[in-house]
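Have a look at the structure below, then the notes.
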Amino acid sequence: MWYQTKITLSPRSRGYHIITDEILREIPEISQIQTGLAHIFIQHTSASLTINENADPSVRRDFLTHFKRMVPEDVSMYEHTLEGPDDMTSHIKSSLLGHSVSVPITNGKLNLGTWQGIYLCEHRNNGGRRKVVVTLHGENTDN
């Protein structure tokens, strides 16, 4: 079984936002897969996806603090700044974290660890609506 859909995520400000439930609401077809894989891909160059702790909000705040220091918003350091001081820095952060995550599907559910969630990493001050493509592949429970 193959299934693919495009999801438009609600706009978020800069930060690291857990989107696991938002994605799951849009892919009820996952319940039909006994064993498989979910691939989630973001169609943007200034936001990224990652998997990390979903329990303590300080983890997401620490991510924000770390990346602000790691990739400073100093326009004198970059040539590509037409869209503001968060433009090139967003591209760099996006490339560092990546544009997709893959998660095993077991018994119709994402097989994430106890403390894991899917993050939308919004690197722009105001990124707007983000689009992700979710592809499910696996063995149907009816087989």
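All heavy atoms count here, side chains included; hydrogens, waters and symmetry mates do not. Keep in mind that this is a model prediction, so the values were computed, not measured.
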(message) Suppose we screen for side-chain hydrogen bond (donor to acceptor under 3.5 Å, both in side chains). Which residues come up paired with Asn54, at least two apart in sequence or across chains?
(response) none
(request) Run the numbers on Met1 and Leu136 for side-chain contact (heavy atoms from CB on, under 4.5 Å), then give the verdict. (result) CA-CA 8 Å; Met1 162 181 180; Leu136 305 177; 5.7 Å; no
(message) Minimum heavy-atom separation for Leu49 and Ser100, please, with both atom names.
(response) CD1-CA, 4.2 Å
(request) Under the side-chain contact (heavy atoms from CB on, under 4.5 Å) rule, what do Leu96 and Met70 come out as? Steps first, then yes or no, please. (result) CA-CA 11 Å; Leu96 289 170; Met70 185 177 175; 3.6 Å; yes
(request) Report the distance from atom CZ of Phe67 to atom CZ of Arg14, rounding to the nearest 0.5 Å. (result) 12.5 Å
(request) Can you measure from CD (Gln32) to CD1 (Ile105) and round to the nearest 0.5 angstrom? (result) 11.0 Å
(request) Establish whether Leu9 and Leu97 are linked, either directly or via other cluster members, by ILVMFWY side-chain heavy-atom contacts under 4.5 Å. (result) no
(message) For Gln34 and Asn140, which I'm curious about, is there any donor-acceptor pair between the side chains at under 3.5 Å?
(response) no
(message) Is there a path of hydrophobic side-chain contacts, each under 4.5 Å between heavy atoms, that joins Val101 and Ile33?
(response) yes
(request) Mind checking the CD1-CD1 spacing from Ile51 to Ile18? Nearest 0.5 Å is all I need. (result) 12.0 Å
(message) For a quick test of reading the model, state the closest non-hydrogen atom pair linking Ser48 to Ile42 and the distance between them.
(response) CA-CG2, 4.2 Å
(request) Could you walk me through whether Ile23 and Leu110 pass side-chain contact (heavy atoms from CB on, under 4.5 Å), step by step? (result) CA-CA 11 Å; Ile23 289 184; Leu110 292 177; 5.6 Å; no
(message) Suppose we screen for side-chain contact (heavy atoms from CB on, under 4.5 Å). Which residues come up paired with Thr5, at least two apart in sequence or across chains?
(response) Tyr3, Ile7, Ile27, Val134
(request) Nearest 0.5 Å please: distance from the CD atom of Glu53 over to the CG atom of Asp62. (result) 10.0 Å
(request) Give the cluster check for Leu64 versus Met88: same hydrophobic cluster or not, with ILVMFWY residues linked at side-chain heavy-atom distances below 4.5 Å. (result) yes
(request) Show your working on side-chain contact (heavy atoms from CB on, under 4.5 Å) between Val59 and Trp115 and close with a plain yes or no. (result) CA-CA 11 Å; Val59 172; Trp115 306 110; over 6 Å; no
(request) Measure across Asn111 and Val103 and return the closest heavy-atom pair with its distance rounded to 0.1 Å. (result) N-CG1, 3.9 Å
(request) Answer yes when Arg130 and Glu22 have at least one side-chain N-carboxylate O distance shorter than 4.0 Å, and no when they do not. (result) no
(message) Given Ser94, which partner from the list His99, Glu122, His44 fulfils the side-chain hydrogen bond (donor to acceptor under 3.5 Å, both in side chains) test?
(response) His99
(message) Is there a path of hydrophobic side-chain contacts, each under 4.5 Å between heavy atoms, that joins Leu112 and Leu120?
(response) yes
(message) When you group the ILVMFWY residues by side-chain heavy-atom contacts below 4.5 Å and let the links chain together, are Leu24 and Val132 in the same group?
(response) yes
(request) Mind checking the CZ-OG1 spacing from Phe63 to Thr50? Nearest 0.5 Å is all I need. (result) 5.5 Å
(request) Check whether any side-chain N or O of Thr20 sits under 3.5 Å from a backbone N or O of Ile118 as a donor-acceptor pair, and report yes or no. (result) yes
(request) Write down the atom of Ile30, the atom of Lys109, and the distance for their closest heavy-atom approach. (result) CD1-C, 4.2 Å
(request) Considering non-hydrogen atoms only, spot the tightest contact between Pro72 and Thr89 and give its length. (result) O-CG2, 3.4 Å
(message) So if I apply the side-chain hydrogen bond (donor to acceptor under 3.5 Å, both in side chains) rule between Asp86 and each of His123, His91, Arg124, Lys93, which one comes out positive?
(response) Arg124
(request) To the nearest 0.5 angstrom, please state how far the CG atom of Leu37 sits from the OG1 atom of Thr106. (result) 10.0 Å
(request) Determine the minimum heavy-atom distance between Arg129 and Ser10, stating which atoms define it. (result) NH1-CA, 4.2 Å
